[in-house]
2 protein chains.
Amino acid sequence: MSTTAPSPPEGGPAQSRPVGITEVAKHAGVSPGTVSNVLNRPERVAEATRLKVEAAIAELDYVRNSSGSSLRSGRSASVGLLVLDVTNPFFTEVARGVEDEAAASGLSVVLLNSAESRERQRGNARLLAEQRAAGAVVMPVDDDLSDLLWLSRQGTPWVALDRGDVAEAVGCSVTVDNHAGGLAAGRHLVGLGHERATFLTGPFGIEQVRRRHQGLRDAFTEAGLDPDARLRLVERPMLNAEQGERAVDAVLAGGPRQRPAAVFCANDQLALGLMKGLGQRGLRVPDDISVVGYDNVDFADLVHPGLTTVAQPKYELGRAAMRLLASELNDPGHRHEQLRFTPELLVRGSTSARRT
Amino acid sequence: MSTTAPSPPEGGPAQSRPVGITEVAKHAGVSPGTVSNVLNRPERVAEATRLKVEAAIAELDYVRNSSGSSLRSGRSASVGLLVLDVTNPFFTEVARGVEDEAAASGLSVVLLNSAESRERQRGNARLLAEQRAAGAVVMPVDDDLSDLLWLSRQGTPWVALDRGDVAEAVGCSVTVDNHAGGLAAGRHLVGLGHERATFLTGPFGIEQVRRRHQGLRDAFTEAGLDPDARLRLVERPMLNAEQGERAVDAVLAGGPRQRPAAVFCANDQLALGLMKGLGQRGLRVPDDISVVGYDNVDFADLVHPGLTTVAQPKYELGRAAMRLLASELNDPGHRHEQLRFTPELLVRGSTSARRT
DNA sequence: ACACCGTGTTGACACGTTTCAATCCGAGTG
DNA sequence: CACTCGGATTGAAACGTGTCAACACGGTGT
């Protein structure tokens with residue numbers, strides 16, 4: 001890394017002072033109020049004057065000052081997107097959905113990262129309140145919603161993403177049916193003849209993974225297999241690839257005879273890490289062990305074999321959340337709504353029938 | 001996907017009207033100006049009064065209104081982050097760096113997605129101007145900087161990320177030496193005994209990939225190998241995995257005898273897609289073909305074999321850019337600076353010596 | 001006693017916009 | 001022609017903050 005420091009003379013002359021609505025009004029021979037109307041309710045102003053004003057705007061190169069307008073109106077035109085972890089590819093797809101839908105409503109998106117920390121979540125809530133944000137799409141960091149409820153009281157409504165269970169009583173929410181996902185994965189494995197399996201998970205405190213686990217259990221029960229006897233649980237402190245790789249010992253514990261024939265992972269990253277670890281041990285997927293993931297991240301079908309996984313409609317999740325928020329902001333007769341998507345099992349190469 | 005619509009009565013009573021600085025002042029028995037000083041320049045106010053004011057703030061649950069302050073001061077406390085594609089994992093790491101550093105300077109980050117479209121870039125620039133953003137970190141969509149220069153003239157400075165070449169004369173920039181990356185990859189391949197190779201790339205209009213290509217060529221030249229005779233170029237319309245997979249025919253064109261022994265991809269996604277395609281053709285990496293990627297996305301070491309790739313310090317890139325911006329905003333004696341990072345080759349399993 | 005100093009504090013004003021009651025105007029009606 | 005009506009426009013009053021010249025005050029040196 002190196003540095004050079006030639007600083008050419010400033011390019012353009014710094015514009016003396018940005019022109020405001022009043023100046024435009026003067027230039028067009030109308031009152032400031034009319035200019036405001038042209039900007040916000042063009043239908044209420046006569047065509048002729050509208051054209052005059054628009055000409056003046058173009059000529060003076062006027063650009064609206066949103067601070068002024070939010071100050072006066074009490075609300076800004078931006079919404080917060082509070083994510084758990086910017087890095088996670090799951091969230092980036094969601095962000096794209098939120099972004100697109102917000103743009104369609106003329107709102108801009110402020111990205112805030114909780115980094116899985118309640119402290120940061122609190123700080124970000126405060127920030128949104130200070131900005132008088134119109135609303136927010138939030139993935140709550142845990143079950144303690146006090147900071148977010150405070151945000152609501154400050155007049156900034158939010159819709160919960162992926163945590164509908166905990167936020168149902170509060171406002172809108174968008175969730176994916178985690179139990180159904182686990183159930184689908186479990187039925188798939190049972191259908192392939194696997195009679196015992198391991199659930200590889202991150203922190204069990206996370207509600208989503210508990211539901212996926214329950215789904216898996218129910219699939220076994222429904223097939224007449226006792227989940228307590230047939231299922232094993234391996235818990236790791238985080239839901240990432242490194243932890244998946246490190247989990248390989250725990251998964252294989254008990255020697256070859258005890259080795260599970262199938263592993264359902266709470267997360268694609270865990271699954272991919274695990275597959276890497278298995279490969280290093282000389283075990284083959286799916287011949288020796290079947291692996292199922294969750295999320296369908298972009299890379300899930302780039303590994304060999306492709307990862308069988310439970311796909312979530314990430315982009316649609318983001319869109320739906322933002323749409324709900326927009327409705328809450330614009331529609332006076334809005335009623336809170338709980339939207340629930342159903343995930344879909346994608347069968348690829350990482351699962352196969354039990355060897356006979 | 002299903003919907004339920006039970007809307008419980010509103011949780012908390014909507015606070016009548018947010019309390020302002022004047023109300024705090026009244027409550028503390030001081031003037032509004034003093035409250036403002038407590039908030040912004042605490043050192044200029046006597047300890048006793050400061051405590052009084054802070055008590056009033058706490059008691060009234062006052063939360064600052066940033067619209068008011070930006071209006072008055074002419075600048076807001078948020079910076080834009082204009083990325084090419086929110087989905088790309090490269091950018092998300094950068095975003096994390098920008099976020100962290102911005103938080104340290106008390107700035108909040110507005111995420112805007114150009115989606116590789118000049119139109120959207122223009123719209124986003126306009127948005128930033130309207131918000132009187134303090135500054136921005138920008139990955140320009142192409143060589144036409146007119147919209148961004150307009151933004152500068154509006155008083156919003158920006159630092160260029162990954163496009164220093166084109167923005168050098170304009171302001172600060174942070175880049176990675178793409179030529180050095182291509183050179184390192186090329187030397188690695190030559191060192192393994194490969195005497196011919198293919199460069200698999202996205203749109204050649206992108207400056208970064210041209211430099212990587214040139215680096216590769218120079219590595220061959222430097223080894224006494226004529227690049228024109230030894231290198232082949234396969235160009236695809238986008239830099240993603242799907243295109244990599246589809247490129248496999250073009251890469252293998254000419255039959256087994258013409259098949260390249262090594263492929264250098266402009267991008268990890270291309271590389272991973274290509275590896276998938278090669279696998280489907282029954283070709284083995286690295287035994288039949290060596291593959292090198294670029295970026296070192298998180299998944300690069302989860303495939304089998306691990307992808308040899310040129311790593312960029314993504315997080316640091318973001319931090320550096322934001323740090324430069326912060327300096328430009330705070331330091332009156334700021335001089336524009338061009339920061340250049342050097343990438344690093346990570347050798348994993350996808351490359352091996354030429355079969356003898 | 002007086003001028004002088006520095007530290008704290010004050011008040012009023014300006015920032016750019018939206019809103020809303022009031023006003024204006026021209027066309028239609030009796 | 002007088003009158004009404006409705007659409008188009010106006011003008012002034014906020015919104016909450018930062019700034020800055022002015023001021024109060026207790027202490028110091030002459």
Side-chain angles (χ1 to χ4, degrees), chain A residues 15-54 56-57 60-78 106 129-134 154-155, chain B residues 15-54 56-57 60-78 106 129-134 154-155:
Chain A
Q15 188 153 325
S16 55
R17 188 178 306 176
V19 3
I21 208 182
T22 55
E23 205 158 338
V24 171
K26 211 166 297 174
H27 197 270
V30 298
S31 90
T34 303
V35 178
S36 175
N37 281 334
V38 170
L39 260 38
N40 302 317
R41 317 219 241 350
E43 72 280 4
R44 291 201 195 170
V45 50
E47 171 122 3
T49 43
R50 204 196 61 210
L51 292 175
K52 265 194 305 182
V53 172
E54 278 167 353
I57 286 179
L60 297 181
D61 195 16
Y62 161 78
V63 10
R64 163 214 210 93
N65 182 332
S66 46
S67 305
S69 89
S70 354
L71 172 58
R72 169 63 217 207
S73 65
R75 285 286 117 194
S76 90
S78 47
E130 291 185 356
Q131 298 185 182
R132 304 294 192 268
Q154 297 298 321
Chain B
Q15 189 154 326
S16 55
R17 187 176 307 176
V19 2
I21 208 182
T22 55
E23 203 157 339
V24 171
K26 211 166 296 173
H27 198 269
V30 299
S31 91
T34 303
V35 178
S36 174
N37 281 333
V38 170
L39 261 38
N40 302 317
R41 317 211 226 18
E43 72 280 3
R44 292 200 193 170
V45 51
E47 170 121 2
T49 42
R50 205 196 60 209
L51 291 175
K52 263 195 308 184
V53 171
E54 278 168 353
I57 287 180
L60 297 182
D61 195 16
Y62 162 78
V63 11
R64 160 211 211 96
N65 183 332
S66 44
S67 305
S69 83
S70 332
L71 172 59
R72 169 63 217 203
S73 67
R75 284 287 120 195
S76 91
S78 46
E130 291 186 355
Q131 298 185 182
R132 304 294 191 266
Q154 298 298 320

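Note that the structure is predicted; figures quoted are calculated from it, not measured. The basis for the numbers below is simple: all heavy atoms, side chains too, and nothing from hydrogens, waters or symmetry mates.
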Exercise. Where does the chain B footprint on DNA chain D start and end, counting 5' to 3' with a 4.0 Å heavy-atom cut-off?
Worked result: D:dC15 to D:dT19

Report, one line per pair, each donor and acceptor closer than 3.5 Å where one atom sits in a side chain of residues 41-54 of chain B; sequence neighbours left out.
residue	atom	partner	partner atom	Å
B:Arg41	NH1	B:Asn37	OD1	3.1
B:Thr49	OG1	B:Ala46	O	2.8

Problem set entry | Closest-nucleotide ordering on DNA chain D, the 5'-leading residue of A:Val45 and B:Pro32 | A:Val45

Exercise. Could you state the interatomic distance from CD1 (B:Ile21) to CD1 (B:Ile57), rounded to the nearest 0.5 Å?
Worked result: 8.0 Å

Exercise. Just checking A:Thr49: base, sugar-phosphate only, or nothing, at a heavy-atom cut-off of under 4.0 Å?
Worked result: sugar-phosphate

Exercise. What is the 5' to 3' range of DNA chain C, first to last nucleotide, that sits under 4.0 Å from any heavy atom of chain A?
Worked result: C:dC15 to C:dT19

Problem set entry | Residues that A:Ser76 engages under side chain to side chain donor-acceptor pair (under 3.5 Å), provided they are two or more places apart | A:Ser78

Seminar exercise, completed: Residues at least two apart in sequence or cross-chain that pass salt bridge (charged side-chain N to carboxylate O under 4.0 Å, His left out) with B:Glu23, listed by chain then number, are none

Exercise. Between OG of A:Ser66 and CG of A:Leu71, what distance do you get to the nearest 0.5 Å?
Worked result: 11.5 Å

Seminar exercise, completed: Terminal axes of the helix from C:dA1-D:dT30 to C:dG30-D:dC1 (5 end pairs apiece), angle rounded to 10 degrees, sit apart by 50°

Exercise. Can any side-chain N or O of B:Thr34 pair as donor or acceptor with the backbone N or O of B:Val30 at less than 3.5 Å?
Worked result: no

Problem set entry | Sub-4.5 Å side-chain heavy-atom contact between B:Asn40 and B:Arg64 | yes

Seminar exercise, completed: Closest to the 5' end of DNA chain C, once A:Arg72 and B:Ser31 are matched to their nearest nucleotides, is B:Ser31

Exercise. Residues two or more places apart in sequence or in another chain: which of them pass side-chain contact (heavy atoms from CB on, under 4.5 Å) with B:Arg132?
Worked result: A:Pro18, A:Val63, A:Asn65, B:Arg75

Problem set entry | Contact summary for A:Val19 and A:Tyr62, nearest pair of heavy atoms | O-CD1, 3.2 Å

For this session: Can you sort out which residues in residues 33-41 of chain A have a heavy atom within less than 4.0 Å of DNA chain C? Ascending by number, please.
Result: A:Gly33, A:Ser36, A:Asn40, A:Arg41

Problem set entry | OG on A:Ser31 to NZ on A:Lys26, rounded to 0.5 Å | 12.0 Å

For this session: For B:Arg72, check side chain to side chain donor-acceptor pair (under 3.5 Å) against everything at least two apart and list the hits.
Result: none

For this session: Please name all residues satisfying side-chain contact (heavy atoms from CB on, under 4.5 Å) with A:Ala77, sequence neighbours left out, ordered by chain then number.
Result: A:Leu107

